[in-house]
Amino acid sequence: MITPADPKQAPSTMAPLRDPVFRMLWMAWLAANVTMWMNDVASAWVMTTLTDSVFMVAMVQAASTLPVFVLGLPSGALADIVDRRRYFAVTQLWVAATALVLSALAFADGLSAPLLLALTFANGIGMAMRWPVFAAIVPEVVPRHDLSAALALNGIAMNMSRIVGPVVAGMLLASVGSQYVFLLNALLSIIAFVIILRWRSEPKVSALPGERFFGAMRVGLQHVVQSPRMRVVLLRIFGFFLQSSALLALLPLIARKLEGGATTFTALLAAMGAGAILTALFLPRLRRGISRDEFVAWGTGVHAVAALLVVLAPNIWLAMPASALAGMAWIATANSLTLAAQLALPNWVRARGMSIYQMALMGGSAVGAALWGYVASLTTVSVSIAIAAALGPLLLALTRHLSVGGGPDADHTPVPPAGRAPEPIIEIAPNEGPVMVTIEYLIDPSAAAAFNAVMQKTRRARLRQGALSWGLFRDTTLPGRYIEYFLDENWIEHQRRLERFTAADAGLREQRLAFHLGPDEPRVQRYVGEPMATQHVAPSVPPAPI
């Protein structure tokens with residue numbers, strides 16, 4: 001049972017780990033992220049041995065994150081319409097197979113710069129597949145009041161992997177070579193696969209057939225487009241990762257500038273991860289009295305300053321504390337935006353919504369990595385990071401009127417809709433459609449402006465639920481009489497709307513009914529599209545001249 005959080009008591013960051021299901025999934029997530037960081041570190045370092053091109057080194061991060069941008073929505077759609085446990089497990093097999101190929105080529109000394117980029121892209125496909133499904137699973141197993149702590153723990157897992165992955169990869173790179181890094185990746189991915197299979201998820205209960213793949217993608221994208229909160233979150237996360245990707249993409253070159261090798265690169269990454277972990281442990285307490293918008297603003301500014309300190313540091317002893325500060329700012333900003341996205345999405349579309357969120361995040365990273373690598377190739381690494389550091393706060397200042405935390409979060413708890421739609425007396429095939437619904441309202445004409453404002457919210461809600469179109473008309477002969485209509489794709493999608501009804505939708509319905517003046521509830525009519533027979537029309541013949 002989801003219970004509201006007590007604003008006077010901040011939950012412990014470790015509280016979700018008391019749940020054995022979350023603990024098991026968190027361990028699998030930790031293992032998955034360790035493999036990601038080990039692969040990225042090894043690939044970035046191997047690239048510096050294969051080419052002297054600054055652009056190609058920066059493109060390693062772009063190749064790792066670009067698949068998430070390209071495949072995020074299809075992955076999220078699959079995670080919402082198939083068994084999430086099996087899908088999560090398959091992603092680990094994909095990563096294991098890619099790691100085995102990389103290891104074999106490294107053993108055979110068969111890696112080239114283009115081939116390494118291609119296989120880094122393939123590994124990124126695994127990340128694109130697994131992130132949305134894990135993001136959708138967490139709110140299923142964690143109560144709402146522990147969600148912030150669970151997301152902080154996920155951030156700890158990511159940043160522990162940022163320490164463990166680079167440290168282990170650096171030790172192997174310095175001692176036995178990159179081939180053993182990739183081989184260990186394959187082993188860890190298989191271990192994560194076994195852990196995931198031990199979880200017994202509860203199957204979805206629905207009398208309706210599953211959504212179709214392309215229809216699920218359309219509805220997911222439409223839901224996010226019609227959500228004001230999600231639109232702001234996407235803008236914020238893209239802008240922040242566009243800024244912050246400069247430091248991460250160019251970190252191998254900063255390590256070389258400090259006259260260090262793989263050990264220096266590893267140390268800087270580890271410091272960044274340590275700063276993030278330390279901050280994540282105290283995030284629930286830090287949130288008291290500080291809004292999400294303030295977290296984002298401070299995080300963006302602090303990360304910009306920290307990035308400048310890292311690139312200007314004359315030695316590693318000054319660069320490491322600055323890297324830790326960058327990690328602190330990164331986790332504070334990313335966690336705030338992730339929490340805002342999770343609370344803005346109902347469970348039925350969560351994987352699709354979080355996949356679009358991930359697309360914005362990784363899109364910012366991929367574009368930033370390529371952009372700042374190109375700028376660095378034209379100027380210097382220091383100039384490139386300085387421009388990126390200035391861009392983030394500038395974008396935030398230009399959009400300061402937009403909020404990711406303004407107003408209360410919507411309650412997406414599923415509730416049965418009021419009343420019951422009458423059973424049709426005609427035979428309707430499941431895929432027959434479109435279905436048009438009309439609702440008749442009688443309101444006080446003097447309340448038209450307020451009614452219109454509520455109907456604007458209704459329009460966004462109907463479209464978020466998957467409606468193809470929506471409209472509101474007023475009667476020309478009877479002031480105060482309005483007809484609302486919306487179209488569903490087919491009869492199944494119309495019925496699916498009832499399963500998507502939430503407490504927030506029920507509250508909006510009450511707002512509409514408050515305007516209705518009739519003795520009964522607004523009249524609802526449902527119509528199914530009638531297929532029109534194609535008739536052969538004879539070509540017209542011009543009349544004969546008289």
Side-chain angles (χ1 to χ4, degrees), residues 32-71 91-130 161-162 165-189 245-246 248-256 261-266 268-269 362 365-374 376-377 381:
N33 280 283
V34 168
T35 64
M36 179 189 73
W37 277 105
M38 289 178 64
N39 184 85
D40 286 356
V41 169
S43 297
W45 194 253
V46 169
M47 184 61 79
T48 64
T49 68
L50 296 174
T51 178
D52 294 328
S53 170
V54 174
F55 180 72
M56 288 295 285
V57 173
M59 282 300 293
V60 171
Q61 186 186 346
S64 178
T65 55
L66 187 59
V68 181
F69 182 75
V70 175
L71 302 174
T91 65
Q92 295 309 112
L93 288 182
W94 176 278
V95 173
T98 304
L100 286 173
V101 173
L102 275 165
S103 178
L105 288 172
F107 272 113
D109 198 22
L111 280 175
S112 64
L115 184 57
L116 178 60
L117 277 184
L119 289 170
T120 302
F121 184 88
N123 187 75
I125 291 175
M127 183 169 64
M129 293 164 63
R130 75 171 177 240
S161 65
R162 181 180 281 185
V167 167
V168 174
M171 291 172 58
L172 293 175
L173 285 171
S175 58
V176 293
S178 61
Q179 59 268 34
Y180 288 96
V181 178
F182 300 129
L183 190 60
L184 182 57
N185 273 354
L187 178 61
L188 288 175
S189 297
S245 63
L248 198 57
L250 300 174
L251 202 60
L253 300 173
I254 295 175
R256 284 196 177 276
T263 303
T264 301
F265 178 44
T266 301
L268 291 174
L269 279 175
M362 292 302 181
S365 294
V367 172
L371 173 63
W372 307 127
Y374 181 70
S377 68
V381 171

For [X], which residues count as a side chain to side chain contact (heavy atoms under 4.5 Å, CB included) partner, sequence neighbours excluded?
X: L187; result: L184, I191
X: A122; result: T98
X: T49; result: V46
X: A186; result: A99, L100

If you take all heavy atoms of [X] and [Y], which pair is closest and at what distance?
X: S245; Y: A369; result: OG-N, 3.5 Å
X: A113; Y: M47; result: O-CE, 3.5 Å
X: G126; Y: V95; result: CA-CG2, 3.9 Å

- prompt: If only atom types and distance count, is the side chain of R130 paired as donor or acceptor with the main-chain N or O of A32 below 3.5 Å?
  reply: yes
query: Do side-chain atoms of S64 reach the backbone of V60 as a donor and acceptor pair under 3.5 angstrom?
result: no
Rounded to the nearest 0.5 Å, what separation is found between the [atom1] atom of [X] and the [atom2] atom of [Y]?
X: L93; Y: S189; atom1: CG; atom2: OG; value: 9.0 Å
X: Q179; Y: L172; atom1: CD; atom2: CG; value: 9.5 Å
X: N33; Y: D40; atom1: CG; atom2: CG; value: 10.5 Å
X: I125; Y: T91; atom1: CD1; atom2: OG1; value: 12.5 Å
X: M36; Y: L188; atom1: CE; atom2: CG; value: 13.0 Å

Minimum side-chain heavy-atom gap [X]-[Y] below 4.5 Å:
X: L117; Y: M56; answer: yes
X: L111; Y: L102; answer: yes
X: T120; Y: L116; answer: yes
X: F182; Y: S43; answer: yes

task: For F121, enumerate each residue passing the ring pair (Phe, Tyr, Trp, His ring centres under 6.0 Å) test, keeping only those at least two apart in sequence or located in another chain.
output: none
field: Set of residues satisfying ring pair (Phe, Tyr, Trp, His ring centres under 6.0 Å) with respect to F107, sequence neighbours excluded
entry: Y180
message: My understanding is that only residues two or more places apart in sequence, or in another chain, count here; which of them pass side-chain hydrogen bond (donor to acceptor under 3.5 Å, both in side chains) with N185?
response: none
- request: Carefully, step by step, assess N39 and V181 under the rule side chain to side chain contact (heavy atoms under 4.5 Å, CB included).
  value: CA-CA 7 Å; N39 184 85; V181 178; over 6 Å; no
